[in-house]
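Working notes for the structure below.
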2 protein chains.
Amino acid sequence: MKQETRKDEIIVTASKLFKEKGYSAVTMRDLATAMGIKAASLYNHINSKQDILKAIIISIAEEFTSGMNAIIHSDASNIDKLEKIVDLHVNITSHNTNGMASLNNDWMHLEDQLGYYLQLRNEYEANFLNIIKEGILSSELKNSNPEIIMFSMLTTLRSLYLWIPKKEDLNANDLSNSLSEVLIEGINN
Amino acid sequence: MKQETRKDEIIVTASKLFKEKGYSAVTMRDLATAMGIKAASLYNHINSKQDILKAIIISIAEEFTSGMNAIIHSDASNIDKLEKIVDLHVNITSHNTNGMASLNNDWMHLEDQLGYYLQLRNEYEANFLNIIKEGILSSELKNSNPEIIMFSMLTTLRSLYLWIPKKEDLNANDLSNSLSEVLIEGINN
DNA sequence: ATATTAAACTAACGCTTGTTAGTTTGGTGA
DNA sequence: TCACCAAACTAACAAGCGTTAGTTTAATAT
């Protein structure tokens with residue numbers, strides 16, 4: 001259990017501000033004020049504003065990648081794999097709601113790491129689409145347009161960050177189950 | 001048929017840039033360069049950067065409001081009303097893809113008009129939720145959590161702007177039908 | 001030809017931005 | 001008690017921001 005450093009606190013605070021106004025609209029002075037210090041003091045802990053964004057987005061993107069890798073290498077049915085994907089999104093979003101906002105809305109402001117991020121995202125979507133196509137081939141899923149199915153599921157899952165904070169009463173398991181029902185039963189055969 | 005003014009051209013160009021980088025990251029000099037003129041020249045046509053955002057977002061929000069009003073005052077079944085909502089989103093997004101990006105991502109940077117925008121959005125969501133609840137009461141829809149159903153549909157529909165440009169081959173009717181299938185059949189009784 | 005006008009221009013403004021350099025503070029371990 | 005060090009500070013920078021004022025250009029209408 002790694003202990004929370006001052007740098008971590010800055011990243012957590014930045015995530016919250018980035019969620020509210022977006023990366024570009026948050027100034028280093030905004031961030032410093034939220035931390036109760038002066039802007040220049042931030043630079044004792046971080047290298048640049050850009051580095052904060054990178055730290056937020058890349059770590060989440062890598063969580064998704066390793067989660068997806070576990071799923072595709074499991075021997076579950078394709079329906080079960082889709083349910084595991086729903087689970088993955090609910091879990092990651094639950095423990096990093098604010099960071100998901102940056103991942104969704106501010107990825108284009110990554111500079112050096114933009115290519116790497118896009119690579120991870122493309123691979124993730126290709127794996128996702130593949131599960132759906134396999135599910136259709138094996139008649140587990142209705143023969144709808146696989147891209148539309150993925151689009152519908154993925155955009156809903158990506159928007160969870162907007163919705164989870166409003167429903168704190170609902171625990172992660174219940175939410176995951178309800179979502180699986182709504183998202184998957186419509187395409188189930 | 002009102003003819004295209006220079007101001008309209010600026011708003012169209014701004015929409016495209018706002019979609020790519022977000023409102024805050026686009027400078028008036030960026031916009032001017034994209035128009036092939038100098039930044040100061042923009043002010044012969046518009047009052048402020050803020051006004052451009054307002055023009056983009058509020059007009060779309062009002063389109064949604066009047067579309068929703070037509071739907072709730074029609075005597076269609078609740079399932080049919082949901083299909084009409086899908087249609088409404090596909091149509092508005094098809095003819096203003098870029099503007100939808102600002103509506104989704106930059107509404108919080110509205111200043112004077114923020115309250116008005118939120119009012120329209122809240123009313124829209126209340127009407128949407130009501131249709132789902134009525135559908136459940138009349139047994140047209142499965143007895144799932146109505147908020148999750150709305151969340152799932154609405155986030156998919158709000159994200160259409162990301163997806164429609166990639167699928168120019170698919171016409172609006174086909175897309176609307178496929179989406180209705182995926183989104184509604186899962187909750188249909 | 002002349003007056004009008006839409007739409008561009010140059011030049012500059014005051015302010016905010018991310019960031020750096022160098023310094024002070026206050027607590028911990030030797 | 002003193003050296004150390006993380007973490008704050010003040011002061012300042014060059015660049016970029018949205019915007020204004022006043023001027024020029026080129027096409028249209030009288």
Side-chain angles (χ1 to χ4, degrees), chain A residues 1-58 98 101-102 105-114, chain B residues 1-58 102 105-114:
Chain A
M1 186 69 81
K2 209 177 86 184
Q3 76 164 15
E4 180 103 336
T5 68
R6 199 83 174 107
K7 177 174 178 176
D8 294 332
E9 292 177 48
I10 291 175
I11 291 172
V12 166
T13 304
S15 298
K16 192 184 307 174
L17 298 183
F18 291 170
K19 182 189 178 188
E20 288 165 8
K21 309 203 297 175
Y23 173 75
S24 303
V26 174
T27 71
M28 296 303 276
R29 285 165 180 83
D30 290 338
L31 176 53
T33 301
M35 296 283 301
I37 59 178
K38 300 288 173 182
S41 306
L42 293 168
Y43 289 84
N44 287 321
H45 309 284
I46 53 109
N47 297 318
S48 64
K49 187 187 180 189
Q50 182 63 207
D51 267 11
I52 299 174
L53 187 68
K54 180 178 94 186
I56 294 170
I57 293 181
I58 298 296
N98 297 327
S102 297
N105 303 323
D106 286 317
W107 57 267
M108 73 286 282
H109 299 118
L110 288 171
E111 293 169 4
D112 295 347
Q113 311 282 332
L114 180 57
Chain B
M1 187 69 81
K2 207 175 90 185
Q3 76 164 19
E4 180 102 334
T5 68
R6 199 82 174 110
K7 177 175 178 175
D8 294 332
E9 291 177 47
I10 291 175
I11 290 173
V12 166
T13 304
S15 298
K16 191 184 309 173
L17 298 183
F18 291 170
K19 180 189 178 189
E20 288 166 9
K21 308 203 299 173
Y23 172 75
S24 303
V26 175
T27 71
M28 295 303 276
R29 286 165 180 84
D30 290 338
L31 177 53
T33 300
M35 295 283 302
I37 59 178
K38 300 288 174 181
S41 306
L42 292 168
Y43 290 84
N44 287 320
H45 309 283
I46 52 108
N47 296 319
S48 65
K49 187 187 180 188
Q50 182 63 209
D51 267 11
I52 299 175
L53 186 69
K54 180 178 94 187
I56 294 170
I57 293 181
I58 297 296
S102 297
N105 303 323
D106 285 318
W107 57 266
M108 74 286 281
H109 299 118
L110 288 171
E111 293 169 4
D112 295 348
Q113 311 282 332
L114 179 57

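All values below were derived from every heavy atom in this structure, side-chain atoms included, with hydrogens, water molecules and symmetry-related copies excluded. So you know, we letter chains A, B, ... as the sequences are listed, proteins then strands, and number each from 1. Since the model is a prediction, treat every value here as computed from it, not as a measurement.
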* Can you tell me the distance, in whole Å, between the CE atom of M35(A) and the C1' atom of dA8(D)? => 12 Å
* Asked: Strictly by modelled atom types, are D8(A) and T5(A) linked by a side-chain donor-acceptor pair under 3.5 Å?
  -> yes
* Of the options N44(A), I37(A), I46(A), which is the one that meets R6(A) in a side chain to side chain contact (heavy atoms under 4.5 Å, CB included)? -> I37(A)
Using a cut-off of under 3.5 Å, enumerate the N/O to N/O pairs linking the protein to nucleotides 11-16 of chain C.
none

* Structure fact -> Whole-Å distance, I10(A) CD1 to dA8(D) C1', equals 11 Å
* Asked: Going through the checks in order, is the side-chain contact (heavy atoms from CB on, under 4.5 Å) test met by Y23(B) and Q50(B)?
  -> CA-CA 9 Å; Y23(B) 172 75; Q50(B) 182 63 209; 3.3 Å; yes
* Between atom CG in L42(A) and atom P in dA6(D), what is the gap in whole Å? -> 17 Å
* Return the value, rounded to whole Å, for the distance between atom CD1 of I52(A) and atom C1' of dG18(C). => 11 Å
* Asked: Ignoring hydrogens and geometry, is there a side-chain-to-backbone donor-acceptor pair from K49(B) to V26(B) under 3.5 Å?
  -> yes
* **Partners meeting side chain to side chain contact (heavy atoms under 4.5 Å, CB included) with K19(A) (sequence neighbours left out)** => T97(A), N98(A), A101(A), Y161(A), P165(A)
* Asked: N47(A) CG to dA21(C) C1': how many Å, rounded?
  -> 16 Å
* To do: Would you kindly compare S48(A) and A39(B) by the position of their nearest DNA chain C nucleotide and give the one closer to the 5′ end?
  => A39(B)
* **Closest heavy-atom pair and its distance - S102(B), F18(B)** => OG-CB, 3.5 Å
* Rounded to whole angstroms, how far apart are OH on Y43(A) and C1' on dA21(C)? -> 14 Å
* Asked: Rounding to a whole Å, what distance do you find between H109(A):NE2 and dG18(C):P?
  -> 13 Å
* To the nearest 0.5 Å, tell me how far L110(A) CG sits from L53(A) CG. => 5.0 Å
* Asked: So how far is it from I52(B) CD1 to L42(B) CG, rounded to the nearest 0.5 Å?
  -> 6.5 Å
* To do: Write down the distance between CG (D51(A)) and C1' (dT20(C)), rounded to a whole number of angstrom.
  => 16 Å
* Asked: If you measure from CG on L31(A) to CG on L17(A), what distance do you get to the nearest 0.5 Å?
  -> 6.0 Å
Between the protein and nucleotides 4-8 of chain C, which nitrogen or oxygen pairs come in under 3.5 angstrom?
{"from": "dA8(C)", "atom 1": "OP1", "to": "R6(B)", "atom 2": "NE", "distance (Å)": "2.8"}
{"from": "dA8(C)", "atom 1": "OP1", "to": "R6(B)", "atom 2": "NH2", "distance (Å)": "2.7"}
{"from": "dA8(C)", "atom 1": "OP2", "to": "H45(B)", "atom 2": "NE2", "distance (Å)": "2.9"}
{"from": "dA8(C)", "atom 1": "N7", "to": "N44(B)", "atom 2": "ND2", "distance (Å)": "2.4"}

